[in-house]
Amino acid sequence: MGYHRAGFEVDGCDIADRPRYPFAYHRGDAPAYLAHLIDTGEIERYAFVHASPPCQSKCGLTVGTNASRGWGGTHVDLVGPTRALLDASGLPYVLEQPNGRAEIRKDLSLCGEMFGLGVLRHRNFELGRWSTARPAHPRHRGYVRGHRHGVYRDGPYVAAYGQGGGKATVAEMQSAMGITWTGVREELTEAIPPAYTQWIGRAFLTARQEVFA
């Protein structure tokens with residue numbers, strides 16, 4: 001949605017069925033679909049690629065709390081294979097992951113407070129074949145509401161992940177992230193606010209204009 005608002009026509013791909021996705025959509029394995037676009041030359045229809053590989057392998061929760069308590073299982077790390085395909089595409093790209101130990105360059109780090117949102121939702125972005133200045137990270141206004149390690153804190157942000165312990169309701173997540181097209185909890189907990197990709201999309205278009213100016 002953010003890229004759409006920035007002026008792009010958007011095609012999406014996900015391995016799961018997403019009937020609420022508001023743009024052109026291909027259901028299937030995203031790396032395999034990208035490889036198909038590259039092999040057939042269809043990739044030339046596009047100007048830009050954004051990839052968000054599954055983050056469970058090295059996200060902060062997996063390598064932090066879950067690892068310390070012996071929770072969770074093993075997860076496939078698709079960051080490296082996805083980057084190889086993005087490089088092979090020949091297009092400018094964005095590779096997104098949350099905080100943790102994902103092996104990406106943190107060319108951009110965005111936070112909900114930068115956009116006046118009701119979530120913090122820190123996300124890191126590696127930029128391929130283009131660059132832009134990093135925005136300043138403003139001071140947080142308080143805590144994320146909910147229980148953490150047995151202590152409850154109130155605050156101006158909601159926890160848009162999991163359930164229980166003061167986590168956000170579906171309606172709260174929709175409002176906090178600016179997402180109206182889905183009310184599915186799993187989709188909301190996996191989403192990044194469209195304000196992030198709108199900012200990135202506009203930054204890319206500005207950078208491209210400067211190259212050809």
Side-chain angles (χ1 to χ4, degrees), residues 1-6 10 12 14-23 25 30 50-69 71-72 75 78-79 94-102 104 106 108-125 135 137-201:
M1 182 60 73
Y3 288 120
H4 166 73
R5 292 173 180 169
V10 179
D14 196 341
I15 201 166
D17 188 26
R18 303 295 184 194
R20 298 162 189 80
Y21 187 74
F23 307 107
Y25 174 76
H50 177 113
S52 296
C55 67
Q56 288 82 359
S57 175
K58 294 182 179 179
C59 70
L61 182 61
T62 298
V63 301
T65 300
N66 287 0
S68 68
R69 301 193 179 192
W71 296 343
H75 304 280
L78 295 179
V79 169
V94 166
L95 180 61
E96 176 267 333
Q97 288 283 280
N99 284 339
R101 296 178 185 167
I104 69 168
K106 297 178 181 179
L108 286 177
S109 294
L110 300 182
C111 163
E113 182 60 24
M114 295 174 176
F115 307 98
L117 301 178
V119 290
L120 292 180
R121 208 73 160 173
H122 295 101
R123 289 296 183 270
N124 303 307
F125 304 86
H137 190 160
R139 182 181 179 88
H140 297 164
R141 289 172 286 131
Y143 294 105
V144 175
R145 188 196 74 200
H147 286 90
R148 184 170 177 82
H149 303 303
V151 177
Y152 179 84
R153 292 189 174 96
D154 201 0
Y157 313 105
V158 298
Y161 58 89
Q163 299 189 55
K167 303 293 193 304
T169 65
V170 164
E172 286 174 330
M173 285 190 282
Q174 290 175 314
S175 176
M177 290 193 287
I179 294 175
T180 58
W181 55 93
T182 180
V184 177
R185 175 177 285 275
E186 180 259 341
E187 293 179 353
L188 290 165
T189 59
E190 294 285 337
I192 62 174
Y196 292 18
T197 46
Q198 182 174 348
W199 189 96
I200 292 171

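Note: hydrogens, waters and symmetry copies are ignored here, and every other heavy atom, side chains too, is used.
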### Query
Which pair of heavy atoms, one from Met177 and one from Pro194, lies closest together, and at what distance?
O-CD, 3.3 Å

### Message
Please report the interatomic distance OG1(Thr182) to CE(Met1), rounded to the nearest 0.5 Å.
### Response
11.0 Å

### Query
Which heavy atom in Tyr25 sits nearest to a heavy atom in Asp14, and how many Å separate them?
OH-O, 3.2 Å

## Note on the structure
When rounded to the nearest 0.5 Å, the distance separating CG of Leu108 from OH of Tyr196 is 12.0 Å

## Note on the structure
Tightest non-hydrogen contact, residues Val170 and Arg185, listed as N-NH2, 3.9 Å

### Task
Give a yes or no on whether a salt bridge exists between Arg145 and Glu172, defined as a side-chain N under 4.0 angstrom from a carboxylate O.
yes

### Summary
Rounded to the nearest 0.5 Å, the OG atom of Ser52 sits from the CD atom of Glu190 at a distance of 10.0 Å

### Task
Side-chain contact test, heavy atoms from C-beta onward, threshold under 4.5 Å: evaluate it for Met114 versus Pro138 and give yes or no.
yes

### Message
Given Glu113, which partner from the list Arg141, His137, Arg139 fulfils the side chain to side chain donor-acceptor pair (under 3.5 Å) test?
### Response
Arg141

## Note on the structure
For Arg123, the salt bridge (Lys or Arg N to Asp or Glu O under 4.0 Å) test, sequence neighbours excluded, returns Glu96

## Note on the structure
Of all heavy-atom pairs linking Ala102 and Gln97, the shortest is CB-OE1, 3.6 Å

### Task
Apply the test side chain to side chain contact (heavy atoms under 4.5 Å, CB included) to residues Val151 and Tyr143: give CA-CA distance (whole Å), side-chain angles for both, the deciding distance (0.1 Å), then the verdict.
CA-CA 12 Å; Val151 177; Tyr143 294 105; over 6 Å; no

### Query
Which value, rounded to the nearest 0.5 Å, describes the distance between His122 atom NE2 and Asn99 atom CG?
6.5 Å

### Message
For a quick test of reading the model, state the closest non-hydrogen atom pair linking Asp154 to Tyr152 and the distance between them.
### Response
N-CE2, 4.0 Å

### Summary
When rounded to the nearest 0.5 Å, the distance separating CD of Gln174 from OG1 of Thr169 is 8.5 Å

### Message
To check you understand the geometry: which heavy-atom pair defines the closest contact between Leu78 and Pro54, and what is its length?
### Response
CD1-CD, 3.9 Å

### Message
Side chains of Ile200 and Leu110, heavy atoms from C-beta outward: is any pair under 4.5 Å?
### Response
yes

### Task
Could you tell me whether the side chain of Ile192 reaches within less than 4.5 Å of the side chain of Phe125, counting heavy atoms only?
yes

#### Entry: Tyr21 atom OH, over 12 foreign heavy atoms within 6.0 Å
yes

### Message
Assess the residue pair Tyr157 and Arg121 against the criterion (side chain to side chain contact (heavy atoms under 4.5 Å, CB included)); give the C-alpha distance rounded to whole Å, side-chain angles, the decisive distance to 0.1 Å, and a yes or no.
### Response
CA-CA 10 Å; Tyr157 313 105; Arg121 208 73 160 173; over 6 Å; no

### Query
Between NE2 of His4 and CZ of Phe23, what distance do you get to the nearest 0.5 Å?
4.5 Å

